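The analysis underlying the following values was restricted to heavy atoms, covering all of them including side chains, and did not include hydrogens, waters or symmetry mates. Lettering of chains follows the sequences in order, A, B, ..., and the numbering in each one begins at 1. Here the structure is a predicted model, which is why all the values come from computation and not from measurement.
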Amino acid sequence: MELSKNFTPAAAEGKWYQHWMDKGYFRSKPDNRPPFTIVIPPPNVTGVLHMGHTLNETVQDILVRRARMSGYNTCWVPGSDHASIATEAKVVNMLKTEKGIEKSQLTREEFLKYAFEWKDKYGGIIYSQIKKLGCSCDWDRVTFTMDDHYYQAVIKVFTDLYSKGLIYRGARMINWDPKAKTALSDEEVQYKDINGKLYHVQYAITDSENNLTGESITIATQRPETIMGDTAICVNPDDERYKHLAGHYAIVPLVNRRVPIIFDTYVDKEFGTGALKVTPAHDINDYNLGLKHNLEIVDTLNDDGTLSTAAGVFIGEDRFKARKKVIAALDEQGLLVKEQEYTTRLGYSERNPDTVVEPRISTQWFVKMAELAKPALDAVVEGNVKIHPGDRFLATYKYWMENVKDWCISRQLWWGQQIPAFYAPDGTFEVAQNVDAAIAQFKAKGATYTAADLRQDEDCLDTWFSSWLWPMEVFNGISQPDNEEINYYYPTNVLVTGQDIIFFWVARMIMAGQEYRNEKPFSDVYFTGMVRDKQGRKMSKQLGNSPDLLELIERFGADAVRFGIMISSPAGNDLLFDEAALEQGSKFNNKIWNALKLVKMWEANTTGDANTAVDHFAIRWFESRLNEVKTQIADQFTDFKLSEALKALYSLIWDDFCSWYLEWVKPGFEQPCDAGIYAKTVYFFEELMQLLHPFMPFLTEEVYQLLKERPAGDDLIIRQYGAPGTIDAKMLAEGQLAKEVITSIRDSRNKHQIKPKEEIVLHIDTLQEAAFKQIEGMLSKQVNAKAINYTKEPVAGCITLVVQKDKFYLGTETVLDQGAQKDQLEKDLAYLQGFLVSVEKKLSNEKFVQNAKPEAVEIERNKKKDAEAKIAAITESLKSL
RNA sequence: GGGAGUUUAGCUCAGCUGGUUCAGAGCAUCUGCCUUACAAGCAGAGGGUCGAUGGUUCGAAUCCGUCAACUCCCA
C-alpha cells in the first residue's frame, strides 16, 4: 500500500475513535481485574472546552490509557455539573433577550423547564469536544449533578447532616452578590486591589445629656454611603486624643442619629484618624464589634444593592451612585474634611466578575466544618491521600483545614437542589426528604398539617454541595450505598484538577468521602498548573488570548495538541501555551510517519529467514536502550512526571531510533533487508508505539495497524505492556562510544570543510580493535569512509582527532589547513591540562583523601588517569603535524 | 499584613539525600547539506560567575542565614 507523504490526522482520528467505541474499549464493568478509576472534574454544563480543560483531560486520558495497557479495568467517568449561578444567569439572560420574559414572571417550575431545555441544547457540546481530543471516557456513564438519583442523593445528604446537627440555619454576615441576588461562599469571592479613596468626615459630639459640646470627631471611611447605617463610633481605649469622650455620643450626619462612642482595642490608632465608624450591617468587622458591644443593626441596603428605606436618604439609589451623592451632601454641609488616595482590596463575585460583593446580614444555611475537616485533614497528613506535586500544596491544605470556617450553602436561586426544609405557617420548620416525611415529622411533634399548609424553602443549594459527592454518586454510592459498583470502583485512583479548586472541591470531597464511606475518595491528587499565554498572562475572554481548541485540533491534529500541551507542562507548574509546541508535535507525528514509510519500504525486499536469531550491534544496543527508557518511564509515571516521560520518549524515538538505530540497520541502496533484522525492527517499532500510545493515541494506533497485518481485536489501545527486559550496561557504553566517534568524525569533516560527498580513509589507533571491527560497516557508512585501517602510529597528512582514549586519522583529498588543526588540538590540550591540575590539586589535598568517600577518591584517580592518557594522545598527534 | 513558592543558556524548564568532564534538555540562533523515510528534514556548532551576599564543608547549582525581584494563596 502506498503511504501518503505526510501523516493526515483527521482521517485517523475519526476512524480510530469510532473503532474503539464500537469495540467497547472505553466501557467498564466490575470484574476480577483491579480497577483503575478516574472521575472527571465535572465541567460547567453550559461551558465549552478551554485550554485548562484540555490540559486536564489530556492528563487523565494518559493515565487511563496507560492503566488500561497495564492490566487494569479502567473506568473514566465523564459528566458535568449544573453550575447554578452561571447557568441561571445565562438562562435568565436568554429568556430576556430571546423571549422577552423576566424571571419574575415565571414560576419555579416554568423556569426550571426552560433551564433544562437550555441544558439539553448546550450541555452536550463539551462532550463532543472531549471526544475530539481522543479521551477514552466510558460514555455510558455520563453523569449530571441534577440527574434524578443525584438530586435525591444531595437531598439525602442534606437531611442526614441536618439530623446530625452538622447543618444549621442562622443569621450571619455573608457575601452577597447584588447582581445575582444570592449569597456566595467565602471561596466564591475574589479580591482585587483597587485605588479607592478614604473620606474624612466630621461627626458632632454630644454629652450624655444630649447637649452639643461644640466638639467634633473625624472618622475615615471608604464607604461614606453606609454612614446612614452607623450605630457607633469606635476608638482605641489607649488613644489619648479620645479618652475624654467616654460616655459621649456622636451625631451621624445626614440622618442625625445619636450613636455611642465606644472603646475597643480592635481600632488601630495609626490608621486614618484613629476613629472608626461602626456599621454592623455592612462590614464583617463592624458586625463583630456590634455583637461584642451589643449595637443596633441598621441595614441600609436592599438585596439589589440600592439604598433601602432604612437609609432615610437617597432611597432606591444604587450604592455607588449614592456614594457620590452622600459625598456631595457632606461637602455641602462642610462635614467632609478631606479626601485621601487609598489602595484597598475589594471582593468581587466569582460568577459576576464586575460585581462588587456586599457584606450583608442574612439568614442562610451553613455546614459546620470543624468536625468534618478533622478526618479529611488526617487523611492527607497521614499520606492516605497523596498530593502531587510534593508538599507544595500540603501546607495550604493544612492551613485551610485547620482554620476552616462554616460553609454557607444556600443560594437564592432556582437552578439547583431545592433546600428540603418545610415551613409551617407559624414559622417552625422540619427538614425532610419530601413533604410527606415533613408532615409525618410535624405530626410526631403534635402538629398536624397538610401539604398545602407547608411551604418549602425557596432557596437552592450551592453547586459544590452536590459536587463534593461526585466520586461516590457517579456510582450511586449515596443513593444506593453498598451497590456492586461503588464497592468495586471506590475509592478512585487519581483526581486530576486545577490547584485553584483545592478548597472548593478537593478538600470537601475528602470530607464527604470520609463522612459517608469512611474512606478517602481517591488515593492521589494531581494538580495541574494554570494555562497562560506565552507572555505569561492568564487566558481570559477579555484578553482574547484563549485559542479555539477545535480549530487547533483541525490545524495540528489531536495528537499534536496533546503533545504540545504535555511537553510544556511540568507537573504542577503553570503552562505557557505556545503554538510552537504544537508544531513540534505535528513534526513529531510526521517523523514517525516517515520512519514507518522507510520500514515499509524494506518489507517488500527481505532476504533470509525471519526466525533466525540476528546478532547485530545496533539491535543489541537498541534493545538495552529501549529497556532503559521503559524502566525510566515507569518511574516517571509513578511520580506523575508525565512531561518528562514524554520527553524521554521523544528523544528515544527521534534520536535513538530514527537517527541512530534505523541508520545503522538500513540496507544499502537497493539492497535487501535481512529478514531477522526486519522482524526485530518491526518489533521495536511496535514497542515504541505502545509506549507513546497514551500520549498520542491516534497516530500510534494507525502506525501499529500499518506495521503489519493484525487479526481482529489486536488493537494497540488494549495491548498489554510487558516487563522491561535486561539492560546491558556494557552494550549501552559501546553504543555511546560509537555515537561519539561518529559525531566527532563528522564534526571534524565539517570543520575542515570536507564536502559530504567526499569519501575519506579512516585510520584507527585503538587498544580495543574488536569493538570497532564489529561496527565497521555502519561506521564507514556514517562517516562516509571508503576504507577503515588500523594503525599504531600517527598517519601523516591526516586530520587527527581523539575520542575517549582512541586516536583517529582521517585521510582526505581536501587540502588541509594544518594551522587550524593545530589550534584545535592545542585548545583541547590546554583544557585537559587545566582539568588535570584541578584533579591533582584535589588528590594532593590530604583532607580530601581522608574525608571523602573512597569511591569519590577512586573516581578522581580515574579522572587523572584518563586525562593523562588523552594528553599523551594529543601530544603525540601534535608531534606528527 | 500572614504564609508558600520561584530565580540555572535568548525562551521554557531538568538537575533526587553535596563528589563522574556537572553546568544539562527542548525550542530559538549560527554553519554546511535537496544524502534514494522525512527540507515539517539531515549533519554539526556556539551560548550560562547556576538572582546577590555571607556561612557550613576537603568540596556547594545542591545545605544554612540575610537581601532583592517575581508568582500564588489567605486575611
Side-chain angles (χ1 to χ4, degrees), chain A residues 3 5-7 186-187 191 268 284-285 345 347 389-400 403 499-500 502-503 529-530 532 534-536 556 560 567-570 572-578 580-581 583-602 635 639 641 643-644 646-648 650-651 654-655 658-659 662-663 666 668-670 742-751 753-757 781-784 831-832 834-836 838-839 841-853 855-860 862-863 866-867 870:
Chain A
L3 295 177
K5 180 166 162 53
N6 294 322
F7 175 61
D186 291 344
E187 286 71 28
Y191 291 89
D268 178 359
I284 180 67
N285 298 307
R345 299 196 83 175
D391 345 286
R392 186 162 0 147
F393 298 104
L394 188 63
T396 332
Y397 181 84
K398 257 181 90 170
Y399 183 85
W400 191 79
N403 298 280
Q499 52 198 246
D500 48 333
I502 182 166
F503 309 129
M530 200 82 93
R532 297 167 179 279
K534 64 177 168 182
Q535 285 133 42
F556 296 98
I567 202 82
S568 45
S569 172
N573 280 10
D574 284 357
L575 177 154
L576 299 195
F577 178 80
D578 188 349
E583 234 165 83
Q584 197 186 345
S586 66
K587 286 179 184 175
F588 188 36
N589 275 340
N590 204 42
K591 184 70 182 176
I592 293 169
W593 186 251
N594 276 293
L596 173 72
K597 271 160 60 183
L598 177 67
V599 172
K600 293 309 276 184
M601 278 173 58
W602 302 346
D635 292 343
D639 297 339
K641 294 186 171 172
S643 170
E644 285 173 42
L646 178 57
K647 278 177 187 166
Y650 177 75
S651 160
W654 198 306
D655 303 330
C658 293
S659 295
L662 287 180
E663 293 298 335
K666 196 189 232 175
F669 185 50
E670 288 185 343
I742 291 166
T743 302
S744 299
I745 294 174
R746 283 169 170 174
D747 183 28
S748 263
R749 291 185 54 124
N750 238 337
K751 288 212 167 103
Q753 297 183 311
I754 295 168
K755 291 268 174 286
K757 281 186 178 150
K781 204 165 66 183
Q782 295 249 276
V783 301
N784 198 15
Y831 174 77
L832 281 166
F835 176 68
L836 183 62
S838 77
V839 174
K841 212 159 125 194
K842 224 180 206 181
L843 283 169
S844 61
N845 181 339
E846 276 177 39
K847 285 187 177 169
F848 171 72
V849 181
Q850 274 168 20
N851 296 335
K853 280 181 288 188
E855 303 94 88
V857 179
E858 192 51 37
I859 284 165
E860 292 303 316
N862 285 335
K863 281 202 259 182
D866 278 6
K870 275 192 192 170

Could you spell out the base pairing of RNA chain B in dot-bracket, with Watson-Crick or G-U pairs whose two distances are under 3.5 Å, [ ] crossing and | to another strand? (((((((..((((.....[....)))).(((((.......))))).....(((((..]....)))))))))))).

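Between A/N784 and A/I754 the shortest side-chain heavy-atom distance does not fall below 4.5 Å. The side-chain heavy atoms of A/F848 and A/V857, taken from C-beta on, include a pair separated by under 4.5 Å. Two residues are said to be in side-chain contact when any heavy atoms from C-beta on lie closer than 4.5 Å; A/S659 and A/W654 meet this criterion. Side-chain contact between A/N589 and A/W593 is absent, with no heavy-atom pair separated by less than 4.5 Å. Contact of the A/N750 side chain with the A/R746 side chain is not registered, since no non-hydrogen atoms from C-beta on lie closer than 4.5 Å. Side-chain contact check for A/I745 versus A/Q782: every heavy-atom pair is 4.5 Å or farther apart.
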Determine, for nucleotides 28-43 of chain B in 5'-to-3' order, which nucleotides have protein heavy atoms under 4.0 Å from the base (write B), from only the sugar-phosphate (write S), or from neither (write -). --------BBBSBSSB

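A salt bridge links A/K666 with A/E663: the closest approach of a Lys/Arg side-chain nitrogen to an acidic carboxylate oxygen falls below 4.0 angstrom.
A gap of 15 Å separates the P atoms of B/C16 and B/G24, to the nearest Å. Only the C1' atoms considered, B/G15 is 9 Å distant from B/C22, to the nearest whole Å. Rounded to the nearest Å, the gap between the C1' atom of B/C73 and that of B/U17 is 29 Å. Across B/G51 and B/U6, the matching P atoms stand 12 Å from one another, rounded to whole Å. For the C1' atom pair drawn from B/C38 and B/C33, the interatomic distance equals 15 Å after rounding to whole Å. Nucleotides B/C27 and B/A14 are separated by 15 Å at their C1' atoms, to the nearest Å. Separation of the P atoms belonging to B/G59 and B/G48 is 27 Å when rounded to the nearest angstrom. B/A23 and B/U62 have their C1' atoms separated by 12 Å, given to the nearest Å.
In the model, A/K587 has no side-chain atom that pairs as donor or acceptor with a side-chain atom of A/N590 under 3.5 Å.
Judged as a ring-ring contact (aromatic ring centres under 6.0 Å, His included), and not counting sequence neighbours, A/W602 has no contacts. Take A/Y397 and apply the ring-ring contact (aromatic ring centres under 6.0 Å, His included) test, not counting sequence neighbours, and it matches no residue. Listed by chain and residue number, nothing satisfies the ring-ring contact (aromatic ring centres under 6.0 Å, His included) test with A/F556 (two or more places apart in sequence, or in another chain).
Positionally, the nearest nucleotide of RNA chain B for A/D655 lies more toward the 5' end than for the other of A/D655 and A/K847. When each of A/L576 and A/A580 is assigned the nucleotide of RNA chain B with its nearest heavy atom, A/L576 is the one assigned upstream, toward the 5' end.
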Which atoms of nucleotides 70-75 of chain B (N or O only) lie under 3.5 Å from a protein N or O atom, and what are those distances?
{"from": "B/C74", "atom 1": "N4", "to": "A/R345", "atom 2": "NH1", "distance (Å)": "3.2"}
{"from": "B/A75", "atom 1": "N6", "to": "A/R345", "atom 2": "NE", "distance (Å)": "3.3"}
{"from": "B/A75", "atom 1": "N6", "to": "A/R345", "atom 2": "NH1", "distance (Å)": "2.1"}

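Rounded to a whole Å, the CD1 atom of A/I502 is 15 Å from the P atom of B/A4. For A/L843 and B/G59, the CG to P distance is 15 Å, given to the nearest whole Å. Put simply, CG on A/D578 is 14 Å from C1' on B/G10, counting in whole angstrom units.
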Check the pair A/R532 / A/L575 against side chain to side chain contact (heavy atoms under 4.5 Å, CB included), numbers first and verdict last. CA-CA 6 Å; A/R532 297 167 179 279; A/L575 177 154; over 6 Å; no

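A/Q753 comes within 4.0 angstrom of nothing in the nucleic acid, heavy atoms only.
Between A/Y397 and B/G3 there is no side-chain N or O to OP1 or OP2 distance below 4.0 Å.
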